[in-house]
Amino acid sequence: MSFAIVAEPLLGVYKGQVGGGQLDPLPSPARLHAALVCAAAQGVRAVADGDGLRPCDADRDALRWLEAHPPDGIAVPETLPNGGAATAYRKEGLVVKEGRSPLSEKLVGKPAVTGVAVAGRFAWTWEQDPPEPVAAALGALCPEVPYLGTSESPVRLAVAAADPTHRLDRDADLFTGEGLDLTVATTGRADALEAAHRETSVAPLLRADAHRSSEKTTAPPVVTAGLELGRYARPEPPPPPTPWTSVLLFRVDRPIPPQLRVRYAVAVHRALVALVGDGAPAVLTGVYEPGVSRPSNRCAIQFLGPDAPHVGGTALALLLPREASEVDLTLIRMAVQRLRHVKVAAGPFGVKPPVEVPADAFWPEPAVGTERWWQTEPVAVPDSRPPRGGRWSLADAAALSVALVWRHEFSAPGRGDVRYRALAEAAAGRGVRVESAVRVMDRDVGHYVHKVNPDTVIQPYRAVLSLGDLTGPRTIAAIGQSRHLGGGLLVPRDLPSDIVRRWAR
């Protein structure tokens, strides 16, 4: 809950127009400000100013505070626009009709002001409470506002607490993204409205006010000073749970060549299983009893280069899966504390005691002006052979691998090839995009995989991809068949935002 001004449409309808008479779907912050200006200048709190009225000093301060502090959020209830195209006829007075009849009532038809049905209340919210005098002035002004929009949509306005449905995006680019672009009052708006009111209140000269045989209604000019657009967008939903919850990160005493990472990861895996001993959990060994359903992911062992975060050097990462039980995780955490040396035919290496890092806060934030994409490191390997019966590319294989890692997010029908295609399409529906995927030519596929199914084509590739809304920008993850043993690690690849926008066109 936050400080808010709440408007309750008394008839369940809001009517208003913008621009050239188009339907206004909801009252903007600028319309609220204008209604408060009117209440301050003509309501019971107004003070005498010559022959007219003006806002009191306390209300002026409150209006200026609104101009300096646009609402941080707005609450928009469910609405249903009236799609009618009715014409409203109104008598505009007696005029001398040119022709034979001396007097005639002038009846003018105009497009009727349609409205929107409203199921709830509008609200404009601020994260910080205003100063007490300002809050008091706003609280006193709100009951003086009879309606928002036209006089056909009366409201009950009050200071209250409310939760916003949309938040102000101060860095929004109006040419991209989605949200509500609403007019917001800025410095000088109240002064401009008062000046325009004084100008139209001056009685015209007698000569200019003379009777004519034919007259037209002239609407006062629209005051546009002190207005700007603000983007109000729905908050991004939180990303789904990460495949791995945390990472045990060990600093390694020497670099590990990329082409040897799978072999080194296999050696680490054997060492960890030996340290746990009898009863090592299946999420570590990868061996499950017949009939036991296998989780999407198990413990993954990865190596990071000399710029690994948190430890400042080459590192060994043990990713702990979300689907593991607390008992299994406790066994693994106790065992890894004793890991100091790993024997490998290519040369043993030592590790420092581990630090545990949350998986969703592993990588640093993206650089300013960039968007986070991911690059497979060193390579990824498809989880299956290409499905039969249609086109299938490396990009499709990468999308399928992403879907298999986040399997809990998808409900794909069918089995085998049908299911694989459905998973790849579902991943694309969540924003997974593969911008480039290049096959790596290497005669020794043992560099990239440990064990594979007999019907699997080993086709290592490097790819640059986006994970859409499946995860946050700081999450560590790996994809593909070798993701549990040294392959398919996704490392950040921050791309300039303008390049990403160009790709999206």
Checklist entry - Taking everything shown except Arg156 itself, do over 12 heavy atoms lie less than 6.0 Å from its CZ? => result no
Item to check | Pairs involving residues 40-51, ordered by first then second residue, that meet salt bridge (Lys or Arg N to Asp or Glu O under 4.0 Å) (sequence neighbours left out) | outcome: Arg45-Asp59
Item to check | Under 3.5 Å donor-acceptor, Ser153 side chain and Leu148 backbone | outcome: yes
Checklist entry - Do any N or O atoms from the side chain of Asp396 and from the backbone of Ser393 form a donor-acceptor pair under 3.5 angstrom? => result yes
Item to check | Leu180 side, atom CG; Leu229 side, atom CG - distance, nearest 0.5 Å | outcome: 11.5 Å
Item to check | Any side-chain heavy-atom pair of His166 and Val76 under 4.5 Å | outcome: yes
Checklist entry - Are Asp169 and Arg231 within salt-bridge range, i.e. N to O under 4.0 Å? => result no
Item to check | Contact check, side chains of Leu36 and Leu63, non-hydrogen atoms, under 4.5 Å | outcome: yes
Item to check | Stepwise side chain to side chain contact (heavy atoms under 4.5 Å, CB included) check, Leu66 with His33 | outcome: CA-CA 7 Å; Leu66 288 177; His33 178 270; 4.1 Å; yes
Next on the checklist: Is a donor from one side chain sitting under 3.5 angstrom from an acceptor on the other, for Thr475 and Thr242?
Outcome noted: no
Checklist entry - What pair of heavy atoms forms the shortest contact from Pro239 to Leu470, and how long is it? => result CB-O, 4.3 Å
Next on the checklist: Nearest 0.5 angstrom please: Ser384 OG to Gln481 CD, how far?
Outcome noted: 9.0 Å
Item to check | Spacing of Leu423 atom CG and Leu400 atom CG [to the nearest 0.5 Å] | outcome: 6.0 Å
Checklist entry - Passes side chain to side chain contact (heavy atoms under 4.5 Å, CB included), Val283 versus Leu329? Steps please. => result CA-CA 9 Å; Val283 292; Leu329 293 177; 5.8 Å; no
Next on the checklist: Assess, by modelled atom type and distance only, whether the side chains of Arg234 and Thr165 contain a donor and an acceptor separated by less than 3.5 Å.
Outcome noted: no
Checklist entry - Considering only heavy atoms from C-beta outward, does the side chain of Leu32 approach that of Ile5 to under 4.5 Å? => result yes
Item to check | Charged N-O contact under 4.0 Å between Arg493 and Glu435 | outcome: no
Checklist entry - Among His408, Arg407, Glu323, which residue meets the side-chain contact (heavy atoms from CB on, under 4.5 Å) test with Pro295? => result Glu323
Checklist entry - What pair of heavy atoms forms the shortest contact from Pro243 to Val405, and how long is it? => result CG-CG1, 3.5 Å
Checklist entry - Is there side-chain contact between Val18 and Arg31, with at least one heavy-atom pair below 4.5 Å? => result yes
Item to check | Main-chain N/O of Phe362 paired to His310 side chain as donor or acceptor, under 3.5 Å | outcome: yes
Next on the checklist: Under a 3.5 Å distance rule, please check whether Trp244 uses its side chain to pair with a backbone N or O of Ile476 as donor and acceptor.
Outcome noted: no
Checklist entry - Is a side-chain donor or acceptor of Tyr232 paired with a backbone partner of Asp72 at a separation under 3.5 angstrom? => result no
Next on the checklist: Is the shortest side-chain heavy-atom distance between Leu23 and Pro81 below 4.5 Å?
Outcome noted: yes
Next on the checklist: Which heavy atom of Pro9 sits nearest to which heavy atom of Val13, and what is that distance?
Outcome noted: CB-O, 3.7 Å
Item to check | Trp124 (side chain) donor-acceptor with Ala75 (main chain) under 3.5 angstrom | outcome: no
Item to check | Distance-only polar pair, side chains of Tyr420 and Asp383, donor-acceptor under 3.5 Å | outcome: no
Checklist entry - Does a side-chain heavy-atom distance below 4.5 Å link Ser246 with Val357? => result no
Checklist entry - Are Pro29 and Pro70 side-chain neighbours, meaning at least one heavy-atom pair lies under 4.5 Å? => result no
Next on the checklist: For Asp24 and Val116: C-alpha separation, side-chain torsions, deciding distance, then whether side chain to side chain contact (heavy atoms under 4.5 Å, CB included) applies.
Outcome noted: CA-CA 9 Å; Asp24 186 11; Val116 293; over 6 Å; no
Next on the checklist: Side chains of Thr187 and Glu67 only: does a donor on one sit below 3.5 Å from an acceptor on the other?
Outcome noted: no
Checklist entry - Between Glu194 and Arg189, is there a side-chain N and carboxylate O pair less than 4.0 Å apart? => result no
Checklist entry - Taking Thr370 for the side chain and Pro366 for the main chain, is one N or O donor matched with an acceptor at less than 3.5 Å? => result no
Checklist entry - Do any N or O atoms from the side chain of Thr125 and from the backbone of Gly73 form a donor-acceptor pair under 3.5 angstrom? => result yes
Next on the checklist: Quick one: does any side-chain atom of Arg474 pair with a main-chain N or O of Trp363 as donor and acceptor, under 3.5 Å?
Outcome noted: yes
Checklist entry - If you take all heavy atoms of Pro382 and Tyr461, which pair is closest and at what distance? => result CD-CE2, 3.8 Å
Checklist entry - What distance do Asp469 atom CG and Arg430 atom CZ have between them, rounded to the nearest 0.5 Å? => result 4.0 Å
Next on the checklist: Between Trp406 and Ser296, is there a side-chain heavy-atom distance shorter than 4.5 Å?
Outcome noted: no
Checklist outcome for this item: When rounded to the nearest 0.5 Å, the distance separating CD1 of Ile479 from CG of Leu489 is 10.0 Å
Item to check | Other residues, nucleotides, ligands: >12 heavy atoms within 6.0 Å of Glu199 CD | outcome: no
Checklist entry - Is the number of heavy atoms from other residues, nucleotides or ligands under 6.0 Å of Tyr147 OH greater than 12? => result no
Checklist entry - What's the spacing between Trp392 CH2 and Asp417 CG if we round to 0.5 Å? => result 9.0 Å
Next on the checklist: To check you understand the geometry: which heavy-atom pair defines the closest contact between Ala399 and Val434, and what is its length?
Outcome noted: N-CG2, 4.4 Å
Checklist entry - Counting N and O atoms only, with roles assigned by atom type, does the side chain of Glu228 sit under 3.5 Å from a partner on the main chain of Thr186, one being a donor and the other an acceptor? => result no
Item to check | Check against side chain to side chain contact (heavy atoms under 4.5 Å, CB included), Arg462 and Glu377 | outcome: CA-CA 7 Å; Arg462 290 191 177 92; Glu377 176 69 23; over 6 Å; no
Item to check | Test item: side-chain donor near acceptor, Asn297 and Arg483, under 3.5 Å | outcome: yes
Checklist outcome for this item: Closest non-hydrogen contact found for Val134 with Ala62 is CG1-CA, 4.0 Å
Checklist entry - In terms of the angle between their ring planes, are Trp65 and Trp126 parallel, tilted or perpendicular, with boundaries placed at 30° and 60°? => result tilted
